[in-house]
There are 2 protein chains.
Amino acid sequence: MALGKDYATQQCSIARALEVVGERWTLLVVRDAFYGVRRYSDFLSHLGIPRAVLATRLQALTEAGVLVRRRYQESPPRDEYVLTGSGRALWPTVRSLGLWGREHLPGTLPMRIFVHAACGTELGAFGQCPACWTGVDPEDVEMRPGPGLDPDPADPVSRALLVPRRLLQPLETDRV
Amino acid sequence: MALGKDYATQQCSIARALEVVGERWTLLVVRDAFYGVRRYSDFLSHLGIPRAVLATRLQALTEAGVLVRRRYQESPPRDEYVLTGSGRALWPTVRSLGLWGREHLPGTLPMRIFVHAACGTELGAFGQCPACWTGVDPEDVEMRPGPGLDPDPADPVSRALLVPRRLLQPLETDRV
DNA sequence: TCCACTGGGTTCGATGAATGAACCGACCAT
DNA sequence: ATGGTCGGTTCATTCATCGAACCCAGTGGA
């Protein structure tokens, strides 16, 4: 979308939200951030996004307060992009989009299954744990590989995501 | 987004969902459809979308099975675009985006408040009723004007949306 | 010292979409 | 016949995206 200047007449909060996260690639960057991706090169290899677009999106999301950029090592200086509280609040959006795609688009095998880490029950349609009778924050969600997942992907990020993991837990690709 | 040809490597259901509803304007069209907008000219005046883009989006959403186009009068022949079951299943996505925008973007007064018609409780982020602990179909959602709503809008669609209404209830603008 | 390599970008030309205005055709109403 | 409405399509211009190439600081090896 045109950055911050369009949907001009729309003061509706849906339109305002789409100004921030409605551009091409943006929600996939956020999705990857939930999966634990934090580094420029990891987003790049996992998404197949053009470098220039990724740089633009990371900057826009940072300015919007969805991500924070922070230094995780000096010498050489390296920054990582991490979801803020506001970014983590996008979990219902990401979850409901994924659920819709799985249920309403033809030929979609579930790639990943999201369960309540405390009890192992798959999340319900409104992000709740049907067994514990409670809402579940993304920190308490465990992501497990589903039947649609490629068992031997090419890029290191997808390989690191083959095992069950907590959402938001930082991804270790080559840093061992 | 590039229509149907990109995000090519992403078989993830989130990416597939974004192929369908991730383009500019698309989710706003869907939002308006939940509000009861059905006719080309009503989408046009309410959204301020370029005519060519609206035609493209309505066609794409129809091909994707999110909307159906159906004739509501002969002579002159007039068609309307209505959400299908698959389209109505996008309600949690639309709801969560709106709530996120309201809660996490600065200076947003709620324009509309969505409550479970049966009990009057405001909906949660997934479109569920926190009091009844159940999912709420959009048919059972009542939309009420909020404090951020312009009390005297210019276009007839916005005026028709000033009173409390059920979602999906067809909008009467000039057909009286 | 020189060299290659890595991470995280920026720059560039070509392609493709969005925009807004104008046009069009079917169908009324007078 | 004239004018108006509805639901589009066509057009030229502007803007975003794409993919490849380039850049630069730091680091590690010979």
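Computed from heavy atoms alone, side chains included, the values below leave out hydrogens, waters and symmetry copies. Quick caveat, the model's predicted, so the values are computed rather than measured. Note on naming: letters A, B, ... go to the chains in the order of the sequence lines (proteins, then strands), and numbering restarts at 1 for each one.
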Asks: Sequence neighbours excluded, which residues qualify as salt bridge (Lys or Arg N to Asp or Glu O under 4.0 Å) partners of A:Arg78?
Replies: none
Asks: Between protein and nucleotides 28-30 of chain D, what N or O pairs are separated by less than 3.5 Å?
Replies:
none

Asks: Does the side chain of B:Trp25 get closer than 4.0 angstrom to OP1 or OP2 of C:dT19 through an N or O atom?
Replies: yes
Asks: Spell out protein contact along nucleotides 8-15 of chain C as letters: B when the base is contacted, S when just the sugar-phosphate is, - when no protein heavy atom is under 4.0 Å; keep the 5' to 3' order.
Replies: BBBB----
Asks: Under 4.0 Å between a side-chain N/O of B:Arg24 and OP1 or OP2 of D:dA16, yes or no?
Replies: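 Checking D:dA16 against B:Arg24, no side-chain N or O comes under 4.0 Å of OP1 or OP2.
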Asks: Return the set of residues passing side chain to side chain contact (heavy atoms under 4.5 Å, CB included) with B:Ser86 (not counting sequence neighbours), or none when no residue passes.
Replies: A:Trp100, A:His104, B:Val66, B:Thr84
Asks: Under 3.5 Å between N/O atoms: give me all the protein pairs with nucleotides 28-30 of chain C, atom names plus distance.
Replies:
{"residue": "C:dC28", "atom": "OP1", "partner": "B:Ser75", "partner atom": "O", "Å": "3.1"}
{"residue": "C:dC28", "atom": "OP1", "partner": "B:Ser75", "partner atom": "OG", "Å": "2.8"}
{"residue": "C:dC28", "atom": "OP1", "partner": "B:Pro76", "partner atom": "N", "Å": "3.2"}
{"residue": "C:dC28", "atom": "OP2", "partner": "B:Ser75", "partner atom": "OG", "Å": "2.6"}

Asks: Return each pair, listed once, that meets salt bridge (charged side-chain N to carboxylate O under 4.0 Å, His left out) where at least one residue sits in residues 102-127 of chain A; pairs must be two or more places apart or across chains.
Replies: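 Checked against salt bridge (charged side-chain N to carboxylate O under 4.0 Å, His left out) - neighbours excluded - the pairs reaching residues 102-127 of chain A are A:Arg102-A:Glu122.
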Asks: Pairs of donor and acceptor atoms involving the side chains of residues 131-141 of chain A, under 3.5 Å and at least two apart or interchain, shall be tabulated with distances.
Replies:
{"residue": "A:Glu139", "atom": "OE2", "partner": "A:Arg88", "partner atom": "NE", "Å": "3.0"}

Asks: Rounded to the Å, how far apart are B:Arg71 CZ and C:dC27 C1'?
Replies: 12 Å
Asks: Under the ring-ring contact (aromatic ring centres under 6.0 Å, His included) rule, what pairs show up with a residue in residues 137-162 of chain A, not counting sequence neighbours?
Replies: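 ring-ring contact (aromatic ring centres under 6.0 Å, His included) check on residues 137-162 of chain A returns no pairs.
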Asks: Using the test salt bridge (Lys or Arg N to Asp or Glu O under 4.0 Å), find all partners of A:Arg95 that sit at least two apart in sequence or belong to another chain.
Replies: none
Asks: Can you tell if the side chain of A:Leu44 reaches within under 4.5 Å of the side chain of A:Ile49, non-hydrogen atoms only?
Replies: yes
Asks: Measure the distance from CG on A:Leu44 to C1' on D:dC18 and round it to the nearest whole Å.
Replies: 13 Å
Asks: Give a yes/no on whether any side-chain N or O of A:Arg57 is located under 4.0 angstrom from OP1 or OP2 of D:dT17.
Replies: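 So the side-chain polar atoms of A:Arg57 do come within 4.0 Å of the phosphate oxygens OP1 or OP2 of D:dT17, strictly under.
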Asks: Suppose the criterion is salt bridge (charged side-chain N to carboxylate O under 4.0 Å, His left out): which pairs have a residue in residues 144-154 of chain B, not counting sequence neighbours?
Replies: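 Applying salt bridge (charged side-chain N to carboxylate O under 4.0 Å, His left out) to every pair that reaches into residues 144-154 of chain B, excluding sequence neighbours, yields B:Glu142-B:Arg144.
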Asks: B:Leu54 has an atom CG; how far is it from atom C1' of C:dT19, in whole Å?
Replies: 14 Å
Asks: How would you list, by chain and number, every residue that makes a salt bridge (Lys or Arg N to Asp or Glu O under 4.0 Å) with B:Asp155, sequence neighbours excluded?
Replies: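 Salt bridge (Lys or Arg N to Asp or Glu O under 4.0 Å) list for B:Asp155, sorted by chain: empty.
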Asks: Mind calculating the distance between CD1 (A:Ile49) and C1' (D:dC18) to the nearest angstrom?
Replies: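 Checked: the CD1 to C1' distance equals 11 Å.
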Asks: Salt bridge (Lys or Arg N to Asp or Glu O under 4.0 Å) with B:Arg51: which residues, sequence neighbours excluded?
Replies: none
Asks: Could you tell me whether a side-chain N or O of B:Thr62 sits under 3.5 Å from a main-chain N or O of B:Leu58, the two making a donor and an acceptor?
Replies: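 Yes, B:Thr62 side chain to B:Leu58 backbone: donor-acceptor pair under 3.5 Å.
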